[in-house]
Amino acid sequence: MRYLRNREFARQTVLSLIFWAAAVLAGLALFPEERACIVFFGVLSILLILFWILFTCRRYRRLEKLALDADRLLHGERSLDLTQYQEGELAILANELQKMLAHLSGQSSRLQKEKEYLSDSLADISHQLRTPLTSLNLLLARLAGETDERNRRRLVYEASQLLERTVWLVEALLKIARIDAGTAVFATGRVDASELVRTALNPFGIPMEIHGQEAKLELQEQAGFSGDADWTAEALSNIIKNCLEHMGEGGILTIRTQENNLYTEFVIEDDGPGFSPEDLPHLFERFYRGKQSSGLGVGIGLALARMIVNAENGMIRAENRTEGGARFVLRFYKGIV
């Protein structure tokens with residue numbers, strides 16, 4: 001029998017036969033007058049040993065089948081029925097394999113989705129980088145043959161704007177990658193809300209003056225929260241940038257802050273056209289550009305803002321104002337929510 005090559009099976013079989021032979025011989029020596037009874041129990045013992053051997057062989061066959069099923073699982077088979085193993089340790093082992101199958105299937109599905117998402121993201125990144133770089137290349141070609149000083153200055157300015165846009169895009173993508181990878185370090189010091197708003201607004205002073213835009217600040221004194229000032233300023237700047245791009249010439253940007261026992265809140269509003277209803281659920285998705293998107297938008301500023309706010313135990317939402325325009329609400333909670 002091939003099962004005799006199994007050391008455990010062979011050892012148990014040999015030991016059972018030795019004990020049986022010893023018991024029969026001892027019975028015959030001690031009780032010679034009860035020879036018929038001893039022979040009867042000896043035969044019964046042999047039958048029990050044979051039954052044990054058959055039962056053990058059956059278990060080994062089922063173990064072999066379970067091992068083959070496990071091997072098929074490891075090689076990608078996902079349609080196996082493990083409910084056929086209903087007895088003792090085999091049922092426990094089959095149940096664990098079923099859990100492993102469910103885990104592997106879920107993991108495989110997640111990996112496939114991540115692969116598709118990565119492929120789509122790389123395509124979007126490639127497109128977003130290609131556009132300004134192509135324009136920059138054309139501008140440089142025109143600049144090389146331009147003799148008029150005024151036109152040269154205009155082309156240099158346009159080239160610098162394209163370069164600045166490309167640098168911002170690359171830096172934003174790197175920040176997103178750092179947060180995704182879990183390598184971004186967020187401080188937990190006290191952040192003054194008023195100072196944070198002014199820091200976030202500072203880079204937009206000149207563009208706002210050029211477009212006749214105004215910032216209306218309603219800042220609560222001493223309001224603040226525990227977080228990272230630099231990262232939060234990045235998130236707030238991206239939201240402000242989005243508002244300024246959409247509210248047009250002469251618009252008014254309103255920023256309010258307040259702190260209570262539960263959270264510190266930032267409300268940023270503009271008097272632009274607001275959001276299309278179908279855009280609202282997707283505003284914070286990467287590379288999503290709504291119907292009201294400007295030509296320069298790439299769709300990652302709001303996504304980065306949400307990632308930063310979420311990493312600091314906060315929440316962010318966007319909505320339309322009843323009187324017209326867009327509203328962003330940021331809340332940084334004092335405890336885990």
Does the pair Phe266 and Arg256 meet the rule for a side-chain contact (heavy atoms from CB on, under 4.5 Å), with working shown? CA-CA 6 Å; Phe266 295 76; Arg256 297 192 300 272; over 6 Å; no
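- With rounding to the nearest 0.5 angstrom, the CZ atom of Phe186 is 13.0 Å from the OG atom of Ser226.
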Report, one line per pair, each donor and acceptor closer than 3.5 Å where one atom sits in a side chain of residues 316-328; sequence neighbours left out.
from: Arg317; atom 1: NE; to: Glu319; atom 2: OE1; distance (Å): 3.2
from: Glu319; atom 1: OE2; to: Arg327; atom 2: NH1; distance (Å): 3.0
from: Asn320; atom 1: OD1; to: Phe275; atom 2: N; distance (Å): 2.6
from: Asn320; atom 1: ND2; to: Phe275; atom 2: O; distance (Å): 2.9
from: Arg321; atom 1: NE; to: Glu323; atom 2: OE2; distance (Å): 3.3
from: Arg321; atom 1: NH1; to: Asp270; atom 2: O; distance (Å): 2.9
from: Arg321; atom 1: NH1; to: Gly324; atom 2: O; distance (Å): 3.3
from: Arg321; atom 1: NH2; to: Glu323; atom 2: OE2; distance (Å): 2.7
from: Arg327; atom 1: NE; to: Glu269; atom 2: OE2; distance (Å): 2.6
from: Arg327; atom 1: NH2; to: Glu269; atom 2: OE2; distance (Å): 3.0

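- No more than 12 heavy atoms of other residues, nucleotides or ligands sit less than 6.0 Å from atom CD of Glu221.
- Under the 4.5 Å side-chain heavy-atom criterion for ILVMFWY residues, a single connected hydrophobic cluster contains both Leu280 and Met247.
- Linking ILVMFWY side-chain heavy atoms closer than 4.5 Å, directly or via other members, places Leu217 and Ile239 in a single hydrophobic cluster.
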Going through the checks in order, is the side-chain contact (heavy atoms from CB on, under 4.5 Å) test met by Leu236 and Leu196? CA-CA 8 Å; Leu236 202 58; Leu196 179 68; 4.2 Å; yes
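- No chain of hydrophobic side-chain contacts below 4.5 Å, direct or via other Ile, Leu, Val, Met, Phe, Trp or Tyr residues, connects Leu163 to Tyr157.
- Going from atom CG of Leu136 over to atom CG of Leu140 covers 4.5 Å, rounded to the nearest 0.5 Å.
- Residues satisfying the salt bridge (Lys or Arg N to Asp or Glu O under 4.0 Å) test with Glu218, not counting sequence neighbours, are Lys216.
- In this structure Arg178 satisfies the salt bridge (Lys or Arg N to Asp or Glu O under 4.0 Å) test with no other residue, sequence neighbours excluded.
- With contacts defined as side-chain heavy-atom distances shorter than 4.5 Å, the pair Val156/Glu158 does not qualify.
- Judged by distance alone, with hydrogens and angles left aside, the side-chain atoms of Thr232 form no donor-acceptor pair with the main-chain N or O of Ala229 at under 3.5 Å.
- Note: the hydrophobic cluster containing Leu219 also contains Ile240 (ILVMFWY, side chain heavy atoms under 4.5 Å, direct or indirect links).
- Two rings, from Tyr263 and Phe332, have their centers 6.0 Å or more apart.
- With values rounded to the nearest 0.5 angstrom, Cys243 atom SG is found 8.0 Å from Ile255 atom CD1.
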In sequence, state the C-alpha distance, the side-chain angles, and the governing distance for Met307 and Asp180, and then conclude on side-chain contact (heavy atoms from CB on, under 4.5 Å). CA-CA 9 Å; Met307 294 176 70; Asp180 275 340; 3.3 Å; yes
Apply the test side-chain contact (heavy atoms from CB on, under 4.5 Å) to residues Lys334 and Thr264: give CA-CA distance (whole Å), side-chain angles for both, the deciding distance (0.1 Å), then the verdict. CA-CA 8 Å; Lys334 298 180 183 298; Thr264 299; 4.2 Å; yes
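- Counting only residues at least two apart or in different chains, salt bridge (charged side-chain N to carboxylate O under 4.0 Å, His left out) contacts with residues 185-201 comprise Arg190-Glu259.
- Linking ILVMFWY side-chain heavy atoms closer than 4.5 Å, directly or via other members, places Trp231 and Val185 in two distinct hydrophobic clusters.
- The distance from atom CZ of Phe225 to atom CG of Leu330, rounded to the nearest 0.5 Å, is 9.0 Å.
- Screening residues 225-239 for salt bridge (charged side-chain N to carboxylate O under 4.0 Å, His left out) gives Lys175-Glu234 as the qualifying pairs, with residues at least two apart or on separate chains.
- A distance of 6.5 Å separates CD in Gln258 from CD in Gln220, rounded to the nearest 0.5 Å.
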Kindly list each side-chain donor-acceptor pair under 3.5 angstrom involving residues 205-214, sequence neighbours excluded, with atom names and distances?
from: His211; atom 1: ND1; to: Glu249; atom 2: OE2; distance (Å): 2.7
from: Gln213; atom 1: NE2; to: Leu244; atom 2: O; distance (Å): 3.2
from: Gln213; atom 1: NE2; to: Gly248; atom 2: O; distance (Å): 2.9

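- Separating the CD1 atom in Ile268 from the CG atom in Asn242 is a distance of 10.5 Å, to the nearest 0.5 Å.
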